[in-house]
Protein chains: 2
Amino acid sequence: MFRALADPTRRAILDRLRRREHGVGALCEPFAMTQPAISQHLRVLSEAGLVRSRRQGRERIYSISPRPLRQAFDWLAHFESFWTDRLDALGDHLDDDP
Amino acid sequence: MFRALADPTRRAILDRLRRREHGVGALCEPFAMTQPAISQHLRVLSEAGLVRSRRQGRERIYSISPRPLRQAFDWLAHFESFWTDRLDALGDHLDDDP
DNA sequence: TTGACACATAAGAATGTTCTTATATGATGT
DNA sequence: ACATCATATAAGAACATTCTTATGTGTCAA
């Protein structure tokens, strides 16, 4: 799933979808890339559970599906004390979830 | 940088370093992988700014370097409203940073 | 200074990713 | 039924990742 977030195009797509949902055509527009390439990225995002889609006429509308993003967020939150503590440099981080 | 987080071995290394700093030998121990493989992962983490290291005798001690983790965390935090709001299903997420 | 230890680097094989072009599918309007 | 629009899928080329084994580098201890 972090793998799906590893690609900058896919992160840009998510940033775009964060603002509002979009059809594929609209998602393609800002990228210097063919439509199949975007569809493939959407597939990766979809398989990672990061987006969902529904049909609407002949368009397919994609939107954010937040659950895995939240998992990633929660994982990173484990490291929060590293930038919160001023004790940072002391290597003072022992088990916070035993 | 998300690319560096995309590999499960590297995330496991970070999880390990989150608890305390470690030498390479200790980091290798839980993995079914050779020492050079781990050293290569450590190099990727280091180039992404996710870990730092210092020499201590003949050991090299690795520890977390939190700045890029925080960037990732901040990026994901942009999506926080998706799992916070109960309006989730309404696609009601318009610009929150214009 | 020599041997052993802890680690890094190099080279290469296997596999995975990310694009392209060409083609298939599914819905709409006539 | 047919042409068209919106999108998906397939096949393949180019490049990147992730391991392996073999070897290099720096530190310590005798």
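We name chains A, B, ... by the order of the sequence lines, and we start the count at 1 in each one.
- Expressed to the nearest 0.5 Å, how far CG of A/Leu69 lies from CG of A/Leu50 amounts to 5.0 Å.
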Where protein sits on nucleotides 21-27 of chain C, one letter per nucleotide: B base, S sugar-phosphate only, - none, heavy atoms under 4.0 Å: BB----B

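- Across the interface with DNA chain C, nearest-nucleotide mapping of A/Thr9 and B/Ser39 shows B/Ser39 to be the residue nearer the 5′ end.
- At whole-Å resolution of the value, NE2 in A/His41 and P in C/dT17 are 12 Å apart.
- Using a 4.0 Å cutoff to heavy atoms of chain B, the contacted part of DNA chain D runs 5' to 3' from D/dT17 to D/dA29.
- Atom C1' of nucleotide C/dC19 and atom CD1 of A/Ile38 are separated by 11 Å, given to the nearest angstrom.
- With sequence neighbours excluded, the residues forming a side-chain contact (heavy atoms from CB on, under 4.5 Å) with B/Ser63 are B/Glu21, B/Arg52, listed by chain and number.
- Position along DNA chain D of the nearest nucleotide to A/Arg43 versus B/Arg10 favours A/Arg43 as the more 5'-ward residue.
- You'll find the side chain of A/Phe2 reaches within 4.5 Å of the side chain of B/Arg11, heavy atoms only.
- Counting only residues at least two apart or in different chains, salt bridge (Lys or Arg N to Asp or Glu O under 4.0 Å) contacts with residues 59-75 of chain A comprise A/Arg70-A/Asp74.
- In this structure, B/Arg54 places its CZ atom 12 Å from P of C/dC7, rounding to the nearest Å.
- At least one side-chain nitrogen or oxygen of B/Arg3 sits closer than 4.0 Å to the OP1 or OP2 atom of C/dT18.
- With rounding to whole Å, A/Leu45 atom CG is found 10 Å from C/dT18 atom P.
- Screening residues 40-49 of chain B for side chain to side chain donor-acceptor pair (under 3.5 Å) gives B/Arg10-B/His41 as the qualifying pairs, with residues at least two apart or on separate chains.
- Note: B/Phe73 and A/Phe73 have parallel aromatic rings, judged against thresholds of 30 and 60 degrees for the angle between ring planes.
- Residue B/Tyr62 is in sugar-phosphate contact alone, with no base atom involved, counting any heavy-atom pair closer than 4.0 Å across all strands shown.
- Straight-line distance from the CG atom of B/Leu27 to the P atom of C/dA6: 14 Å, rounded to whole Å.
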Residues 26-39 of chain A, side-chain donor-acceptor partners within the protein, below 3.5 Å, at least two apart:
from	atom 1	to	atom 2	distance (Å)
A/Gln35	NE2	A/Ser39	OG	3.1

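- A heavy-atom distance below 4.5 Å is found between the side chains of A/Gln56 and A/Arg54.
- Taking CH2 from B/Trp75 and CG from A/Leu5, the interatomic distance works out to 5.0 Å, rounded to the nearest 0.5 Å.
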